[in-house]
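Read the structure below first, then the notes.
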There are 2 protein chains.
Amino acid sequence: MTTLEDVAAFAGVSRATVSRVVNGDSNVKEKTRLMVEAAITELGYSPHPAARALASNQSQTIGLVTTSYRGGFFGALMDNVQSEAESRRKQLLVTQGKNSADNEWQAIQRLYNLRCDGLILHVRALSDEQLCTLAQEGKAFMILDRLVPGLEDRCVAFDHHRASQMATKQLIDLGHTKIACISGPSSRHSSQLRRQGFLDTMNAAGLLPVACLEGDYDMQSGYQMADKLLQSRRPTAIYCCNEEMAIGALLAITEHRLTIPNDISLICYDSGERAAFVRPALTSIHFPITDMARHATERLIDPECTPEVFMPTIIDRGSVIAAKR
Amino acid sequence: MTTLEDVAAFAGVSRATVSRVVNGDSNVKEKTRLMVEAAITELGYSPHPAARALASNQSQTIGLVTTSYRGGFFGALMDNVQSEAESRRKQLLVTQGKNSADNEWQAIQRLYNLRCDGLILHVRALSDEQLCTLAQEGKAFMILDRLVPGLEDRCVAFDHHRASQMATKQLIDLGHTKIACISGPSSRHSSQLRRQGFLDTMNAAGLLPVACLEGDYDMQSGYQMADKLLQSRRPTAIYCCNEEMAIGALLAITEHRLTIPNDISLICYDSGERAAFVRPALTSIHFPITDMARHATERLIDPECTPEVFMPTIIDRGSVIAAKR
DNA sequence: ATGAAAGCGCTAACAG
DNA sequence: CTGTTAGCGCTTTCAT
């Protein structure tokens with residue numbers, strides 16, 4: 001491997017000068033810069049990250065800890081975080097929290113031990129207190145899809161309650177009264193918010209839910225819950241709290257020889273992965289998690305940038321129509 | 001951050017000794033080791049990876065380059081590679097090849113510039129020659145799901161042609177004669193192999209395919225192809241070359257008011273992600289890509305370990321039954 | 001079994 | 001604008 005030293009010798013300058021052109025320091029005469037650049041190309045030089053990290057006390061590395069790698073939007077999330085990081089010349093390190101506070105904590109410590117400059121935390125099990133502790137230790141990090149009291153400026157959050165309200169209200173406004181909801185696991189805070197948004201909106205409208213079943217965000221549970229639903233009471237509209245379950249519900253509905261939207265209106269949460277791609281395409285309430293991930297990365301790297309606010313929006317794909325009367 | 005030096009001072013030994021216990025060198029008196037370990041715990045010391053990498057000329061880092069992060073088995077693949085790497089105390093760096101030879105090549109160079117000790121390559125666009133060039137440059141890497149002539153010992157491959165034969169033969173053995181296939185994009189070599197395995201087997205049995213349509217491995221294309229299929233000729237069995245398309249096909253079949261397996265038998269390729277979780281569950285030909293990924297990682301880190309061979313197997317989940325006569 | 005000392009390749013004052 | 005000089009924290013001979 002060729003080193004800074006080799007380049008310096010080849011170009012006939014000092015190592016410091018080479019370092020300056022590599023790092024885009026403006027204090028270099030145009031002519032010198034050209035010579036050095038030529039030497040770099042000629043020699044195929046690439047700086048050694050470890051040496052750089054050691055000398056500068058910055059690893060140019062950011063860490064991402066997510067609950068799990070499987071299913072859902074993980075790939076998309078990672079894609080966005082990474083492309084944002086790369087565009088700012090940072091390397092991304094990824095680790096999973098594996099659904100427990102202990103594992104999440106360990107994952108975080110691991111990443112800091114690896115000397116990441118900062119972390120993107122998409123964690124569920126860790127307590128607000130632990131997050132606050134981390135902040136007090138002076139660690140750099142951003143929290144994704146969660147609002148921690150006292151750490152507001154480090155959070156990129158989304159109003160799940162409000163999103164659910166919008167979805168539910170859409171159904172009610174179209175005249176539906178027999179509405180069911182398939183929610184996510186109540187162990188997750190955001191699931192609770194989505195569920196509660198549904199219940200509160202129904203309540204405010206003086207409506208009793210046909211059912212409010214708890215799934216686990218998998219396709220299969222969506223299938224099972226919808227199947228159960230259709231065997232007993234028969235709603236005219238179903239609201240699924242994520243895309244995977246909506247696809248499961250879609251399968252069950254079709255299997256019961258019912259048609260969307262004629263027999264049943266179906267609306268779901270939408271992280272941009274599948275709702276648009278199944279048939280029929282699903283009307284959904286958009287959850288811009290990938291944009292949020294990109295923004296969290298941006299904020300982590302450049303704390304001065306202006307915070308974005310992410311609001312729920314409804315994407316009409318025709319799977320919701322007015323109730324027959 | 002506490003350093004080796006701090007620990008040495010605290011324990012009253014030299015830095016070299018601390019380094020020895022950290023690295024598990026046996027030439028340390030039991031008593032000394034204990035003292036040092038106590039100091040490490042007491043001070044919460046964690047070695048600086050950059051310093052270590054710089055001094056040892058090893059980054060303890062391995063790189064993974066995949067075609068894309070989205071959909072399919074990427075998460076599972078990454079999960080396996082990472083857990084294998086972590087169990088051997090290596091850090092994983094991931095990059096996507098973004099479906100072009102140029103991008104794949106760049107991704108690889110990037111990872112080597114980052115001084116990865118070795119790479120796992122799950123690449124499609126790169127030519128055999130480029131891979132050979134890499135090998136000649138003395139780079140360490142393993143190739144996943146691809147057999148490159150001359151680089152056999154660096155490949156963890158799978159016989160897609162044979163797997164397709166097995167799936168097709170299963171259908172034929174059960175008396176089906178009106179069989180259709182929905183294959184993947186012909187731009188990918190492994191798709192061609194799967195398609196050809198189907199065609200060859202049909203041919204050998206003296207059967208003419210009802211159709212052999214090309215999809216792009218997405219759920220939507222599975223839906224479209226199956227829909228097209230059912231509008232004209234009517235097969236009694238369909239073979240889908242991946243899981244996503246099979247789910248799309250499932251949707252289309254159900255929408256056409258047909259039942260699996262009574263009206264139509266459906267078999268698909270199975271990477272372990274979804275075929276078992278839709279309803280009805282899908283009989284499939286198992287493609288152990290995640291195990292292969294784990295093994296590639298193992299081989300990369302320990303070139304001496306015994307190579308595993310991965311064979312196709314059929315998993316019967318009841319979506320394929322004998323043809324009505 | 002332990003220590004001393006010489007780097008690994010780079011950045012960052014500080015001079016000039 | 002450029003060069004000199006110290007390190008960054010660790011591994012690794014080479015002595016002892």
Side-chain angles (χ1 to χ4, degrees), chain A residues 1-40 42-61 89-91 110 112-117, chain B residues 1-40 42-61 89-91 110 112-117:
Chain A
M1 282 276 102
T2 80
T3 70
L4 231 205
E5 180 113 44
D6 299 333
V7 178
F10 189 94
V13 298
S14 74
R15 299 180 324 193
T17 302
V18 180
S19 177
R20 287 189 186 99
V21 352
V22 167
N23 294 295
D25 186 317
S26 61
N27 283 356
V28 180
K29 207 200 301 171
E30 183 63 14
K31 197 176 156 194
T32 321
R33 149 167 292 114
L34 258 28
M35 285 184 54
V36 173
E37 280 168 352
I40 289 176
E42 179 63 29
L43 268 34
Y45 168 72
S46 167
H48 195 308
R52 195 194 283 238
L54 191 57
S56 68
N57 197 29
Q58 284 205 126
S59 65
Q60 303 296 344
T61 262
R89 333 208 102 205
K90 308 279 183 199
Q91 173 58 33
R110 238 185 111 257
Y112 280 126
N113 282 342
L114 252 17
R115 307 303 196 270
C116 285
D117 294 335
Chain B
M1 282 274 103
T2 81
T3 69
L4 233 203
E5 179 114 43
D6 299 333
V7 177
F10 189 94
V13 297
S14 73
R15 298 178 325 191
T17 302
V18 179
S19 176
R20 286 188 187 101
V21 351
V22 167
N23 293 294
D25 187 314
S26 59
N27 282 357
V28 179
K29 207 200 299 172
E30 184 61 16
K31 197 177 159 194
T32 321
R33 148 166 294 115
L34 258 28
M35 285 183 55
V36 173
E37 279 168 352
I40 289 176
E42 178 64 29
L43 267 34
Y45 168 72
S46 166
H48 195 307
R52 194 194 282 237
L54 191 57
S56 69
N57 197 29
Q58 284 205 121
S59 65
Q60 303 297 345
T61 262
R89 335 206 100 204
K90 308 279 184 198
Q91 173 59 33
R110 236 184 112 257
Y112 280 125
N113 282 341
L114 253 17
R115 306 306 196 270
C116 285
D117 294 336

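Lettering of chains follows the sequences in order, A, B, ..., and the numbering in each one begins at 1.
- Distances shown here put a side-chain N or O of Asn23(B) below 4.0 Å from the OP1 or OP2 atom of dT11(D).
- Between the side chain of Asp25(B) and the backbone N or O of Asn27(B) there is at least one donor-acceptor pair closer than 3.5 Å.
- Applying the 4.0 Å criterion to OP1 and OP2 of dC10(C), one finds that Ser56(A) has every side-chain N and O outside that range.
- In this structure, Leu4(A) atom CG and dG3(D) atom P are separated by 13 Å, rounded to whole Å.
- Going from atom CD of Glu5(B) over to atom P of dT11(D) covers 13 Å, rounded to whole Å.
- As a whole-Å value, the separation of Arg52(B) CZ from dC8(D) P is 19 Å.
- Side-chain contact check for Thr61(B) versus Leu114(B): every heavy-atom pair is 4.5 Å or farther apart.
- Taking a 6.0 Å sphere around CD of Glu5(B), one finds it holds 12 or fewer heavy atoms contributed by other residues, nucleotides or ligands.
- A 4.5 Å side-chain heavy-atom check between Met35(B) and Val21(B) finds every atom pair outside the cut-off.
- Put simply, the side chain of Asn57(B) does not reach to within 4.5 Å of the side chain of Met1(A), judged on heavy atoms.
- To the nearest 0.5 Å, the span separating CG on Leu4(A) from OG on Ser46(A) amounts to 11.0 Å.
- Whole-Å rounding puts the His48(A) NE2 to dG7(C) P distance at 17 Å.
- Between the CZ atom of Arg20(B) and the C1' atom of dC14(D) there is a distance of 11 Å, rounded to whole Å.
- Contact check of residues 6-17 of chain A against DNA chain C (heavy atom, cut-off under 4.0 Å) returns Arg15(A), Ala16(A).
- Contact check of residues 24-39 of chain B against DNA chain C (heavy atom, cut-off under 4.0 Å) returns Asn27(B), Val28(B), Lys29(B), Thr32(B).
- Here the CG atom belonging to Asp117(B) is positioned 12.0 Å from the CD atom belonging to Gln91(B), to the nearest 0.5 angstrom.
- Nucleotide dG7(D) holds its P atom 17 Å from the CG atom of Leu54(B), rounded to whole Å.
- Looking at Phe10(A) and Thr2(A), their side chains never come closer than 4.5 Å, going by heavy atoms from C-beta outward.
- At a cut-off of 3.5 angstrom, the base of dG9(C) holds no donor-acceptor pair with the side chain of Arg115(B).
- Checking side-chain atoms of Arg115(B) against main-chain N and O of Asn113(B) turns up a donor-acceptor pair under 3.5 Å.
- Between Asn57(A) atom CG and dA12(C) atom P the separation is 10 Å, expressed in whole Å.
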